[in-house]
Amino acid sequence: MLKDNHIWAMGGVKKALQALHTLAGRTIKVEVECRSVEEALEAAEAGADIIMLDNFTAELLHRGALTVKTAFPGIVVEASGGISPRNFLQFLGPHVDMVSMGCLTQGPPSVDFSLKLAKGLKNDGGLPHPCSAVSSEDQ
């Protein structure tokens, strides 16, 4: 994924995608985080596989997704930024292929558990431990 810092550091969307394609060829899918429809169109023209429309209002997202899909019908459009379980239905639409919610990975509660052994790794007197078994051919 090319995020805003990558794009700024490389001098724009087109230069960032050209550098990435020079390094990796076309062997990987490239997603570009876009903050405007103009940037999304530039990224699609430069060869992005996925356009992430980031922090758009629902209304602007749908207009932007339509614009991108009209110009580049095969491109994948993702909605992201400010989307939560409470409002995600607003971001679903015919020109939006994916919706991502940061709350799924940024805020779930953690589970504290341990996998301690009760008695250690003792051999119970049966067969030797498989890692210590040596056959007569190995000697």
Other ILVMFWY residues reachable from [X] by side-chain steps of under 4.5 Å:
X	result
L17	L2, I7, V13, L20, I28, V30, V32
V76	I50, M98
M52	M1

Problem set entry | Crowding at CD, E45 (>12 non-hydrogen neighbours, <6.0 Å) |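 No, because the 6.0 Å sphere around CD of E45 holds 12 heavy atoms or fewer from other groups.
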For [X], side-chain contact (heavy atoms from CB on, under 4.5 Å) partners two or more places apart:
X	result
L89	L92
P94	none
A44	I51, F72, I75
Q90	A58, N87

For this session: Evaluate side chain to side chain contact (heavy atoms under 4.5 Å, CB included) for L61 paired with F91, printing each intermediate quantity in order.
Result: CA-CA 7 Å; L61 170 85; F91 293 89; 3.6 Å; yes
Exercise. Any salt bridge (Lys or Arg N to Asp or Glu O under 4.0 Å) pairs touching residues 69-89, not counting sequence neighbours?
Worked result: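 Matches after skipping sequence neighbours: K69-D97.
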Exercise. Tell me the salt bridge (Lys or Arg N to Asp or Glu O under 4.0 Å) pairs involving residues 13-30, sequence neighbours left out?
Worked result: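 Listed by first then second residue: R26-D49.
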Problem set entry | Check: K3 main-chain N/O paired with H6 side-chain donor or acceptor under 3.5 Å |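 Flag set: sc H6 to bb K3 pair under 3.5 Å.
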Using every non-hydrogen atom in the two residues, find where [X] and [Y] come nearest and quote the distance to one decimal.
X	Y	value
V96	A79	CG1-CB, 4.0 Å
A40	C34	CA-SG, 3.5 Å
A65	H95	CB-O, 3.6 Å

Return the [atom1] to [atom2] distance between [X] and [Y], rounded to the nearest 0.5 Å.
X	Y	atom1	atom2	result
S80	L53	OG	CG	9.5 Å
N55	L60	CG	CG	11.5 Å
R63	F56	CZ	CZ	11.0 Å

For this session: Output all residues satisfying salt bridge (charged side-chain N to carboxylate O under 4.0 Å, His left out) with R35, sequence neighbours left out; order by chain, then residue number.
Result: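 Once residues adjacent in sequence are excluded, the partners of R35 under the salt bridge (charged side-chain N to carboxylate O under 4.0 Å, His left out) criterion are D4, E33, D54.
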